[in-house]
Protein chains: 2
Amino acid sequence: MKADALRGHLDPMILAVVEHEPLHGYAIMEALLERSGGELDLPTGTLYPALRRLERAGYLASEWSTVGGRKRRTYQLTSAGSKMLASGKQEWLTFRAVVEGVLRPREA
Amino acid sequence: MKADALRGHLDPMILAVVEHEPLHGYAIMEALLERSGGELDLPTGTLYPALRRLERAGYLASEWSTVGGRKRRTYQLTSAGSKMLASGKQEWLTFRAVVEGVLRPREA
DNA sequence: GGCAACATGTAGCCAATCTACGCATCAAGC
DNA sequence: GCTTGATGCGTAGATTGGCTACATGTTGCC
């Protein structure tokens with residue numbers, strides 16, 4: 001999968017992962033890897049800035065904790081984030097329809 | 001639809017549009033608009049550079065003609081472009097599976 | 001004469017992802 | 001005791017492709 005195919009689609013994916021349970025960065029990476037069937041192996045240089053961006057935007061809230069001597073920053077979805085996720089899912093459907101409408105007007 | 005959601009997905013879409021018939025730039029814009037149900041209204045500053053990029057990469061070949069006093073540059077798919085299109089379609093399926101695997105592990 | 005549609009193109013901006021680092025802890029193996 | 005790999009967070013800088021804004025010209029209709 002090409003690198004910047006993700007562009008603009010990563011944010012809702014991150015939000016989706018923390019939708020039902022707050023997770024820390026590393027766990028988010030693992031969750032994305034697992035849910036994508038091993039395809040989505042984000043470099044930390046992508047994930048951490050993305051998380052900070054989402055927090056700055058008010059979609060995530062974070063809290064520090066220490067587990068087994070390791071510091072973790074745990075992120076949870078805010079209500080704004082929840083709305084954002086919903087609209088992100090909707091936008092995904094639109095986007096998918098657009099791409100597929102163009103890619104296979106006759107057949108796949 | 002957010003602007004840079006397109007990132008990395010535009011190329012196969014352009015190739016798909018000229019797959020069965022060579023078209024000139026303006027006609028490609030119209031075809032994309034139509035096939036996307038009016039969603040994909042590309043600015044010329046996006047399309048023309050993209051066409052040149054695709055030609056430089058060997059996926060498209062172009063030819064000038066004049067129709068009704070207007071100069072047109074008509075693009076057609078090369079065999080390399082055809083292969084690229086096929087792999088682009090495949091990549092799209094992978095990408096779609098990744099996004100949807102993450103976005104709705106429980107439900108949509 | 002003026003405006004919309006047709007037709008092509010460039011210059012420069014911007015934002016998000018990437019590569020490549022740096023730092024620290026803990027567990028396992030030698 | 002030392003090294004290595006997994007865990008864990010983070011920044012700096014490069015890249016890149018789609019965007020806005022601009023520039024140019026023709027045809028046809030009112």
Side-chain angles (χ1 to χ4, degrees), chain A residues 1-15 22-34 36 39-57 59-60 62-75 84 88 91 95 98-99 102, chain B residues 1-15 18 22-34 36 39-57 59-60 62-75 88 95 98-99:
Chain A
M1 204 175 57
K2 271 190 238 105
D4 50 21
L6 271 185
R7 279 277 183 152
H9 303 285
L10 184 58
D11 289 8
M13 284 195 269
I14 291 175
L15 297 180
L23 293 173
H24 62 284
Y26 196 83
I28 291 171
M29 274 174 47
E30 286 182 322
L32 288 170
L33 192 62
E34 191 215 325
S36 66
E39 290 283 338
L40 195 56
D41 193 7
L42 283 190
T44 67
T46 295
L47 181 65
Y48 290 113
L51 289 172
R52 297 180 137 283
R53 180 163 38 81
L54 289 168
E55 185 174 22
R56 227 169 31 241
Y59 302 135
L60 292 178
S62 72
E63 201 175 321
W64 284 97
S65 61
T66 303
V67 177
R70 283 172 180 124
K71 285 195 172 184
R72 290 175 173 177
R73 190 171 190 167
T74 302
Y75 291 88
M84 192 54 176
E91 265 182 54
F95 178 73
V98 166
V99 173
V102 173
Chain B
M1 202 175 59
K2 271 191 239 103
D4 50 21
L6 271 184
R7 280 275 185 149
H9 303 286
L10 183 58
D11 289 8
M13 284 195 266
I14 292 175
L15 298 179
V18 296
L23 292 173
H24 61 285
Y26 196 83
I28 291 172
M29 272 174 48
E30 286 182 322
L32 288 171
L33 192 62
E34 191 216 325
S36 66
E39 290 283 339
L40 195 56
D41 193 6
L42 284 190
T44 68
T46 294
L47 181 65
Y48 290 110
L51 289 173
R52 298 181 137 285
R53 181 162 37 83
L54 288 169
E55 186 174 20
R56 231 173 23 245
Y59 302 135
L60 292 178
S62 73
E63 202 175 320
W64 283 97
S65 62
T66 304
V67 177
R70 282 176 181 123
K71 287 195 171 181
R72 289 176 172 176
R73 189 171 191 167
T74 301
Y75 290 90
F95 178 73
V98 166
V99 173

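Each chain gets a letter, A, B and so on, in the order the sequences are listed, and its residues count up from 1.
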Protein-proximity profile, nucleotides 4-17 of chain D, B/S/- by nucleotide at the 4.0 Å heavy-atom cutoff, equals --BBSBBB----BB
With a 4.0 Å cut-off (strictly under) to non-hydrogen atoms of chain A, the first and last hit nts on DNA chain C, 5' to 3', are C/dA15 to C/dC26
Tell me, do [X] and [Y] make a side-chain contact under 4.5 Å, heavy atoms counted?
| X | Y | value |
| --- | --- | --- |
| A/Leu47 | A/Ile14 | yes |
| A/Tyr26 | A/Glu30 | yes |
| A/Leu51 | A/Arg73 | no |

Anything under 30° is parallel, anything over 60° is perpendicular, the rest tilted; go ahead and classify B/Phe95 against A/His9.
perpendicular
CG of B/Leu54 to CG of B/Leu60, rounded to nearest 0.5 Å, is 5.0 Å
Closest heavy-atom pair, B/Gly8 versus A/Asp4, reported as atoms and distance to 0.1 Å, is CA-OD1, 4.2 Å
Of B/Leu42, B/Asp11, B/Thr46, the one forming a side-chain contact (heavy atoms from CB on, under 4.5 Å) with B/Leu6 is B/Leu42
